[in-house]
> 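Here you go, one structure.
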Amino acid sequence: MNSSPHRFQFEILSRDPESHARCGRLWTAHGPVDTPVFMPVGTQATVKAMTPAELQEAGVAMILGNTYHLHVRPGAETVEHCGGLHGFMGWSGPILTDSGGFQVFSLARLRKIRDEGVEFNSHVDGRRLFIGPREAMDIQSRLGADVAMAFDECPPYPCDYEYACNAVRRTLQWSAVCAKAPRPAAQALFGIVQGGRYADLRRQCAAGLVEQGFDGYAIGGVSVGEPQEVLLEAVAATSACLPPERPRYLMGVGMMGQILAAIEQGVDMFDCVMPTRLARHGSAFTGRGHYAVRNAVWRSDRRPLEEGCGCYACRNFSRAYIRHLLNVGEILGVRLLTIHNLFCYMEFMRAARAAVAEGRFRQFKAEFDRRLAEAGTVY
RNA sequence: GUGGGUAUAGCUCAGUUGGUUAGAGCGUCAGAUUGUGGAUCUGAAUGUCGCGGGUUCGAGUCCCGUUACCCACC
C-alpha cells in the first residue's frame with residue numbers, strides 16, 4: 001500500500017460490523033495518522049499555549065493551520081521563507097490547512113462575494129483583501145500543508161433554500177478551480193460539501209465534488225449555531241453520498257458525543273476548538289463532559305483534574321493548584337489545562353479507535369452516552 | 001484620657017433636602033462557547049444598613065447612647 005510514501009493515501013484497516021464506523025490510516029508526507037483522528041486547531045501557526053513537544057506528549061498526531069489567518073498575518077511569503085508551516089512553527093507532524101472560506105464568512109466584515117472569490121476587510125486592521133480559489137491554493141502551497149482544503153462558501157444558519165443552493169453552486173465552481181490549480185506533489189486536496197440542512201443539496205454537492213475527484217471529502221457548513229439534531233442529519237445525509245474508500249472529514253466538530261455519532265456514520269477526521277478554547281476559559285474535560293475548574297468547591301482539592309488521567313498536568317499538579325493559577329491569571333494555569341484537555345481528547349479518540357477495531361463500537365457509544373447522562377458533579 | 005472620622009452583600013464602596021421591593025464593581029454559583037479574537041455574553045444567590053433607644057405617617061439617611069476600628073493630640 002505504502003509504495004510511494006510521499007504521496008497522500010488512505011488505507012482502511014477495519015470496519016465495525018454494526019455501523020458505518022471504520023478505522024484507517026492516512027499516509028501523509030509527514031508520516032501516518034490513525035483514524036478516526038481528532039486534530040487540534042492551530043489557527044495562527046500554533047496550537048495556543050502548546051509547544052510541539054507538548055502536543056506530541058499529549059498524543060496529537062495531526063494539527064490544523066489556517067489560510068485566512070496566516071494570509072492576514074504574517075503572510076504566506078513569510079511562512080514560505082521560514083521553511084513553510086512545518087519549519088516556521090517547529091512541528092514535524094502532518095498539518096491540514098483550512099482554506100479560509102469559513103473565516104471569510106465568520107470574521108470578515110463588509111465582504112463582497114463574486115464568482116471569482118470574496119473581497120473583504122481584514123478583521124485585524126480593516127485593509128481590503130481578496131481570497132478566491134486560486135489565492136487559497138497559492139497560499140496553501142506556500143504554507144506547505146500535507147492536506148489543503150478547497151475554497152468554499154460557508155452559509156450561516158439558518159439559511160433558506162435559495163441561499164444554500166447558491167452557496168453549493170459557488171462552492172462547486174471554486175472547487176473545480178482548486179482541483180486544477182498547481183500544488184506540491186505531496187499535498188493532498190479535500191473538497192468541502194455544503195448544502196445547509198437540505199439533504200438534496202448535500203447530495204448534489206457531494207456528487208459534483210466526487211466527479212471533480214478529490215483525495216478526501218469534508219462535511220462543511222456545520223457547527224455554525226444549528227441544533228445538534230440538524231448537525232447529525234447533515235452528517236448522515238452527506239456521509240452516505242461520499243466514496244467509502246476516501247477519508248471523510250467533519251469540519252469544526254466538536255463535542256465528544258457528536259464525534260461518536262459521526263464516527264458511527266463513517267466519518268474519519270475531526271477538528272474543533274473545544275478542548276483548547278475551553279481550557280483558556282477555565283474548563284477541564286473528562287470522560288463525562290467538562291467542569292469549571294475555578295469553582296470554589298475545588299479550592300482545597302488535592303486530586304488531579306481527572307482521577308486516573310496520565311497527562312503531565314494530572315501526574316504532577318492538584319486541582320486546587322491549577323484553580324489557583326487560573327484565579328490569579330497565571331499563564332501556567334491555561335497551559336496545564338490545555339495539556340490535560342488535549343490528552344483527554346486524544347485518549348478518547350484512542351479508545352474509540354480500539355472499540356471500532358474490536359467490533360464493539362455500538363457498545364462503546366452506548367456506554368459513553370450513559371456516562372454522560374448520569375454525570376453529576378463528581379469528577 | 002480628649003477631639004475628629006468610619007461602620008451598608010464574602011471584599012471594596014455608592015446611596016440625593018428622610019419616601020416604593022437598599023444598589024454597583026469584584027468575588028461566589030449556574031449556563032453559553034464547535035473549519036479559535038487568551039474574547040465575550042446571559043442568568044442566579046447573598047443584607048439584623050455595627051448594636052440599643054428616640055423623633056417621625058415613614059429612618060441606611062436626623063438625634064442620644066454604646067461598641068469596634070482609624071487618625072490627631074495629651
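Convention: sequence-line order gives letters A, B, ...; per-chain numbering from 1.
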> When you match A/N295 and A/G65 each to their closest nucleotide on RNA chain B, which lands nearer the 5' end?
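It is A/N295 whose nearest nucleotide is closer to the 5' end.
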
> Looking for any heavy atom pair under 4.0 Å, which part of the strands does A/Q258 touch: base, sugar-phosphate only, or nothing?
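Here A/Q258 touches the bases of the nucleic acid.
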
> Can you check the distance between B/A44 and B/U56, where both ends of the measurement are the C1' atom (answer in whole Å)?
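Their C1' atoms lie roughly 38 Å apart.
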
> Could you check, using the six-membered ring where one of them is a Trp, whether A/Y345 and A/F285 have ring centers closer than 6.0 angstrom?
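Yes; A/F285 has its ring centre under 6.0 Å from that of A/Y345.
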
> When you measure from the side chain of A/I192, which nucleotide among B/U28, B/U33, B/G35 comes out closest?
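That would be B/G35.
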
> Using only heavy-atom distances, determine whether the side chains of A/R128 and A/N121 contain a donor-acceptor pair under 3.5 Å.
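On atom types as modelled, these side chains qualify, holding a pair under 3.5 Å.
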
> Where the side chain of A/V253 is concerned, which of B/U33, B/G38, B/U34 is the nearest nucleotide?
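Nearest listed nucleotide: B/U34.
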
> In whole angstroms, how far is the P atom of B/G37 from the CD atom of A/Q44?
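A/Q44 atom CD is separated from B/G37 atom P by 8 Å.
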
> What pair of heavy atoms forms the shortest contact from A/P94 to A/A61, and how long is it?
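Taking every non-hydrogen atom into account, CD-O, 3.2 Å.
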
> Let me know the distance between NZ of A/K48 and P of B/G35, rounded to the nearest Å.
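One finds 12 Å between P of B/G35 and NZ of A/K48, rounded.
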
> Under 6.0 Å between the ring centres of A/F368 and A/F361?
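No: the rings miss the under 6.0 Å criterion.
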
> To the side chain of A/M274, which of B/U34, B/U28, B/G38 is closest?
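Selected nucleotide (nearest to the side chain): B/U34.
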
> Around A/E229, counting heavy atoms of other residues, nucleotides and ligands shown, do more than 12 lie under 6.0 Å from its CD?
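Incorrect, the count does not exceed 12.
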
> Has the side chain of A/N66 got a donor or acceptor atom sitting under 3.5 Å from an opposite partner on the base of B/G35?
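By the distance-only test, no, there is no pair.
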
> B/G60 and B/G43: how far apart are their C1' atoms, nearest whole angstrom?
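Each nucleotide's C1' atom is 29 Å from the other's.
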
> In whole Å, measure the gap between the C1' atoms of B/U17 and B/G58 for me.
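Rounded to whole Å, the distance is 16 Å.
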
> Could you give the distance separating B/C57 and B/G1 at their C1' atoms, to the nearest angstrom?
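The same atom, C1', in both gives a distance of 44 Å.
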
> If we take the P atom in both B/G31 and B/G54, what is their distance in whole Å?
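Per the computed distance, 49 Å lies between those P atoms.
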
> Does A/V124 reach a base, just sugar-phosphate, or nothing at all? Heavy atoms under 4.0 Å.
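The answer is nothing, as A/V124 stays clear of every strand by at least 4.0 Å.
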
> Under the criterion ring pair (Phe, Tyr, Trp, His ring centres under 6.0 Å), I'd like the reasoning laid out for A/F270 against A/F38: C-alpha separation, chi angles, the key distance, then a yes or no.
CA-CA 5 Å; A/F270 301 88; A/F38 179 87; 7.6 Å; no

> Could you list, one pair per line, each protein nitrogen or oxygen that sits under 3.5 Å from a nitrogen or oxygen of nucleotides 42-44 of chain B, together with the distance?
none

> Distance check, C1' atoms only: B/U2 and B/A45, in whole angstrom units.
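So the two C1' atoms sit 46 Å from each other.
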
> How far does the P atom of B/A39 sit from the matching atom of B/A14, given to the nearest Å?
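Those two atoms are separated by 30 Å.
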
> How long is the line joining CG of A/L326 and P of B/G27, in whole Å?
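For the pair A/L326 CG and B/G27 P, the rounded distance is 13 Å.
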
> Would you indicate which nucleotide in B/U28, B/U34, B/U33 comes nearest to any side-chain atom of A/N327?
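It is B/U28.
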
> Are A/F214 and A/F190 an aromatic pair, judged by ring center distance below 6.0 Å?
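Between A/F190 and A/F214, the centre distance exceeds or equals 6.0 Å.
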
> Could you write out RNA chain B as a dot-bracket string, with dots for unpaired bases, | for bases paired across to another strand, and Watson-Crick or G-U pairs counted at under 3.5 Å?
(((((((..((((.....[...)))).(((((.......))))).....(((((..]....)))))))))))).

> Measure from OH on A/Y345 to P on B/U34 and round the result to the nearest Å.
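Spelled out: OH on A/Y345 to P on B/U34 is 12 Å.
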
> According to the interplanar angle, ranging from 0 to 90°, do the rings of A/H69 and A/H123 count as parallel (below 30°), tilted (30 to 60°) or perpendicular (above 60°)?
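A/H69 vs A/H123 ring planes: perpendicular.
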
> With a 4.0 Å cut-off on heavy atoms, is A/R323 in touch with a base, just the backbone sugar-phosphate, or nothing at all?
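Answer is sugar-phosphate: A/R323 comes under 4.0 Å of backbone atoms only.
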
> Using whole Å, report how far CD of A/E229 lies from P of B/U34.
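About 20 Å, once rounded to whole Å.
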
> Should A/H69 be listed as having a side-chain N or O under 4.0 Å from OP1 or OP2 of B/G37?
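Result: yes.
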
> Would A/R319 count as a cation-pi partner of A/W298, with NZ or CZ less than 6.0 Å from the six-membered ring centre and within 45° of the ring normal?
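A/R319 over A/W298 ring: yes.
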
> With a cut-off of 6.0 Å (strictly less than), are more than 12 heavy atoms of other residues, nucleotides or ligands near CZ of A/R302?
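No.
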
> Take the angle between the ring planes of A/H86 and A/H30 and call it parallel below 30°, perpendicular above 60°, tilted in between.
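If you compare the ring of A/H86 with that of A/H30, the planes turn out parallel.
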
> Using a heavy-atom cut-off of 4.0 Å across all strands, would you classify A/Q228 as base, sugar-phosphate, or nothing?
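It contacts nothing in the nucleic acid.
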
> Work out how far the C1' atom of B/C62 is from that of B/G19, and round it to whole angstrom.
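B/C62 and B/G19 have their C1' atoms separated by 14 Å.
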
> Taking A/V41 as the starting point, is it possible to reach A/V37 by hopping between hydrophobic residues whose side chains are less than 4.5 Å apart?
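Yes, one cluster joins them.
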
> Look at the rings of A/Y312 and A/F317 and say which category their plane angle falls in: under 30° parallel, 30 to 60° tilted, over 60° perpendicular.
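Aromatic pair A/Y312/A/F317 classed perpendicular.
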
> Quick one: label A/R294 by what it contacts on the DNA or RNA (base, sugar-phosphate, nothing), any heavy atom closer than 4.0 Å.
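Touches sugar-phosphate only.
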
> Can you name the atoms? Protein N/O to nucleotides 39-41 of chain B N/O, anything below 3.5 Å, with the distance.
| unit_1 | atom_1 | unit_2 | atom_2 | d |
| --- | --- | --- | --- | --- |
| B/A39 | N7 | A/H281 | NE2 | 2.7 |
| B/A39 | N6 | A/H281 | ND1 | 3.2 |

> With RNA chain B as reference, determine whether A/A292 or A/E330 sits nearer its 5' end, using the nearest nucleotide of each.
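Counting from the 5' end, the first nearest nucleotide belongs to A/A292.
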
> Under 4.0 angstrom, heavy atoms only, what part of the nucleic acid is A/G221 near: base, sugar-phosphate, or nothing?
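Answer is base: heavy atoms of A/G221 come under 4.0 Å of a base.
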
> Indicate, with a heavy-atom threshold strictly under 4.0 Å, whether A/L278 touches base, sugar-phosphate, or nothing.
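A/L278: base contact, heavy atoms under 4.0 Å.
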
> Does CZ belonging to A/R183 count more than 12 external heavy atoms closer than 6.0 Å?
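Correct, the count exceeds 12.
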
> If I take atom CE in residue A/M255 and atom C1' in nucleotide B/A32, what distance separates them, rounded to the nearest angstrom?
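One finds 11 Å between C1' of B/A32 and CE of A/M255, rounded.
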
> Rounded to whole Å, please give me the gap between CZ in A/F270 and P in B/U34.
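Going from CZ in A/F270 over to P in B/U34 covers 18 Å.
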
> Can you check the A/F102 CZ to B/U34 P distance for me, whole Å?
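Taking CZ of A/F102 and P of B/U34, I get 8 Å after rounding.
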
